[in-house]
Each structure stands twice: as C-alpha cells, then as structure tokens.
2 protein chains.
Amino acid sequence: MVRAGLSTERLVRAGAELADEAGFEQVTVSALARRFDVKTASLYSHLRNSHDLRTRIALLALEELADRAAEALAGRAGKDALTAFANAYRDYARAHPGRFEAARYRLDPETAAASAGVRHAQMTRAILRGYDLAEPEQTHAVRLLGSVFSGYVGLESAGGFDHSAPGSQESWDRVLDALDVLLRNWPAS
Amino acid sequence: MVRAGLSTERLVRAGAELADEAGFEQVTVSALARRFDVKTASLYSHLRNSHDLRTRIALLALEELADRAAEALAGRAGKDALTAFANAYRDYARAHPGRFEAARYRLDPETAAASAGVRHAQMTRAILRGYDLAEPEQTHAVRLLGSVFSGYVGLESAGGFDHSAPGSQESWDRVLDALDVLLRNWPAS
DNA sequence: GTATTTGCCTAAAGGGTTTAGGCAAATGGG
DNA sequence: CCCATTTGCCTAAACCCTTTAGGCAAATAC
C-alpha cells in the first residue's frame, strides 16, 4: 500500500490549481481526493472540512497576490506605483481566475485580520504617499482604490466588458489615468 | 391532498427571501421545498434545475435593482443623480444582501444580454449626460462608475470596512464627492 | 360529467460531506 | 535492529442535495 504523500500544504496547492482550472465552486473535498487518487475520507486528517479547505485556498491567494503587489510596488512611486499595483492585481486575476475568486471568499473577521488582506491595505496606503492626502481623506482614498480594483477586475472577469467597444484594456488604462488625476486633485471635505 | 400552489414565480420569490435570510449559497432546491412543505422532486416541474433557480433569482434581483435605480434617477441630474443612483444601489445591497449576491451570479452571455443588466448600463450613461463626456471616454467612465459601486458595496457587505475608522458612511460620501469632481474634470486622452 | 391536464407524490440512483474505527507503513528509542 | 508509537490512508456508514421516471388525484375544460 503506497502512500500518496498528502499534506495540508499539498492539498491546498492542488485545490488552488483545481480552482483555476474548473472554478472555485468546483473545489470540493471529493474532487481533490480524486485528483490524488485517494479516498475522500483520507483528506479529513489534513483538512477540518470543506470550508476549511476553501478558506486555506483563499489565504494562499491573498498571500500570492500581496507578494506580487509588493514586488510590483518596489522602487516605484506616484502614478508609476499606482499602475504597477493595479496591474499586478488585474494580471493575477486573469492568470488565476479560480484563486482570484477564492481571494473574495468570505472570511470570518479574525481569519481576515490575520490574513494578507492587511498587507494589501498597507500597500494601498503606501501608494498614496506619492500623493498629498492627510487622514481621514487617505482612508477614503484607500477604500476607493480597493473598490475600483476589486470592482473592475470582478466585472471584467465576469465578462461584463466583453461584448461592447472599446476593449477592456483601453478602459483600464483610462481608468488608471483618471484615478491618478483624482488623487492629485482630491477635493477638500 | 391539498395542493401547495407552487409556481415558478412563487418559488423564485421565496428563493429570493431565503437568500436574504440565509445567504445566496444556501438557496437550494431542497431548502425551498422544505419552505413550502413539499417534496423536493415537486419543484422540478417548475424549475429546470438548481442553476435555473439561481439564475431566476439573479434576474429578479437585477430587475428590482434597476427599478429602484430608475426611480431614484427620475427628475435628477448631475451630482444629484449620481448620488441618488449610487445610494439606490448601496441601499438595495444592505436591505437585500442575498439578492445582491444573486445579482452577481454569473449569467451566460445571452441571458445577461436579455437581463436588466442592460438597463443598468443605460442608466449609468444617463447620469453622465449631466457631465461633459464624449465617446469613448463616456464608456470608460461608465465602467469606472460600475466598478466603484460594485466594488465598494461588495467590500462593504463582506465586512471590509467594519473594523477601522472612519465609518463606511463617511467614506461613501467622500467617494461620491470625489467621483463627481473626477467626472467634471475628466482627463483628456 | 367525462376527458385531459396539471400538481404533487413515491422511488431510486448518483454524488458530496463527514465521523468512527481499523490496519499497515513510517519513525524513532533502546 | 526490533519493537512501540505515530501517522496515513482505508472501509463503512449516515446524512443531505440533485435529478429523473412514473403514478395517482385534483383541477379544468368541453
């Protein structure tokens, strides 16, 4: 009886791949067991339950996304930083649609607080250092940027911009131009 | 043997209520049957399958949302229209979280094209009549507004703004102020 | 008032989730 | 190196959701 060499780590990675191939909602304990040619029950030594699996994939995706964003941000400031960060976000979603869905999986507050989601917020704040925004306006701007990135990429990957001109890339570029202008002329309260 | 009086209409309405109470992912044919005190199989005369049920709830939500947005928009222009539209959107999501989730359920292209989603785009364009934007900039702006509304409300209802100051309402107001300023000073290409 | 349609039923098969309990392989201490 | 312990995967079984097939009874229509 040869062992399959399961571990939480490997299962979560395989789950993320499965998400990208088939969609996050297709990620089930059963499907994952099939992929390892192992009985479903065997996974329950490594995962608490189905929700636990999905949560771990979500956390992995948030980490990966934060890593890429951090790399994109390194050594940049101003609009350059804004664009690099936004593109890291969008590129990740396009390359890893299932993981991106996972990153939007609802986490309970404590899990969320311990996740890489926190790094995302910090990096967004870092971008704003290139603009002149004091609190509380900075927080409002952080929330706006998060909304635009998450909203645009979400709509785009749902196919929302597929069947009308102009192309999505063009809108994306113009949206980033517009955000840059807005941040440089942020209205007083 | 008294009949329960099922119909696709009633099932979809009840499904929408169930979504608001328990979350869209809890909307199953079984749960709905339970709610009508009827056997699960009985629903299959009214619904093709589980996906059909969810799709119909999504379409209902999109209609309701478009109706509210249209009412909010009536007789308004400029920032007044922008604010009323955005608030209609956000208020709906807060009052009907499950339906709002449903409205983001992925529809196949033809279903989407026949849905009230089209009205949403038209109304967003109507808002922009109060600003001075020619094509293709108008389309870019439509996409930006859609992204911000969908993104902000999505993050907010996921609890993203719960555990930090300032409150979400304040950010929402400032974000709308900022969008108004941006639309009035949309950068040339 | 019979004929037809409609509405809900039972039955059954297929799949995902999860727990309990067991055997065999890996690991490590004497 | 051998035995004890731990670890990894197994079988078995219960429970829930989905979906199809076929049937009987209530509503409706002529």
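All figures in this text were calculated on a predicted structure; none of them were measured in a lab.
The nearest pair of heavy atoms linking B/V29 to B/L43 is O-CD1, 3.5 Å.
You'll find that the side chain of A/S50 is closest to C/dT17, out of D/dT11, C/dT17, C/dC8. Nearest nucleotide to the A/Y44 side chain, out of D/dC9, C/dT17, D/dT20: C/dT17. Side chain of B/H46, nearest nucleotide from D/dT19, C/dG7, D/dC10: C/dG7. When distances are taken from the side chain of B/V29 to each of D/dT18, C/dG16, C/dT18, the shortest belongs to D/dT18. Listed nucleotides D/dC10, C/dT17, C/dA11 differ in distance to B/A41; the shortest reach to its side chain belongs to C/dA11. Candidate nucleotides D/dT18, C/dA11, D/dC9 were compared by shortest atom distance to the side chain of B/T40, and D/dT18 ranks first.
In terms of phosphate contacts, A/T28 brings no side-chain nitrogen or oxygen within less than 4.0 Å of OP1 or OP2 of C/dG15. OP1 or OP2 of C/dT6 has not a single side-chain nitrogen or oxygen of B/S45 nearer than 4.0 Å. Note on A/R34: a side-chain N or O is less than 4.0 Å away from OP1 or OP2 of C/dG16.
Listed by first then second residue, pairs satisfying side-chain hydrogen bond (donor to acceptor under 3.5 Å, both in side chains) with a partner in residues 24-36 of chain B read B/E21-B/R35, not counting sequence neighbours.
Remark: the B/T8 side chain and the B/H46 side chain contain no N/O donor-acceptor pair separated by less than 3.5 Å. A/Q169 and A/R90 form a side-chain donor-acceptor contact under 3.5 Å, judged by distance and modelled atom types alone.
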A/E9/A/R13 under salt bridge (charged side-chain N to carboxylate O under 4.0 Å, His left out): CA gap, chis, key distance, verdict: CA-CA 6 Å; A/E9 176 85 14; A/R13 282 194 183 290; 3.3 Å; yes
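If you check every strand for non-hydrogen atoms under 4.0 Å, A/A31 touches nothing.
Rounded to whole Å, the distance from NZ on B/K39 to C1' on C/dA12 is 14 Å. If you take CG of B/L11 and P of D/dT18, they are 13 Å apart, rounded to a whole angstrom. The distance from atom CZ of A/R10 to atom P of D/dC9 is 9 Å, rounded to the nearest whole Å. Per the geometry, CG belonging to B/L43 stands 15 Å off C1' belonging to C/dT6, to the nearest Å. One interatomic measurement links the two molecules: CG of A/L53 to P of C/dG16, which rounds to 14 Å at whole-angstrom precision.
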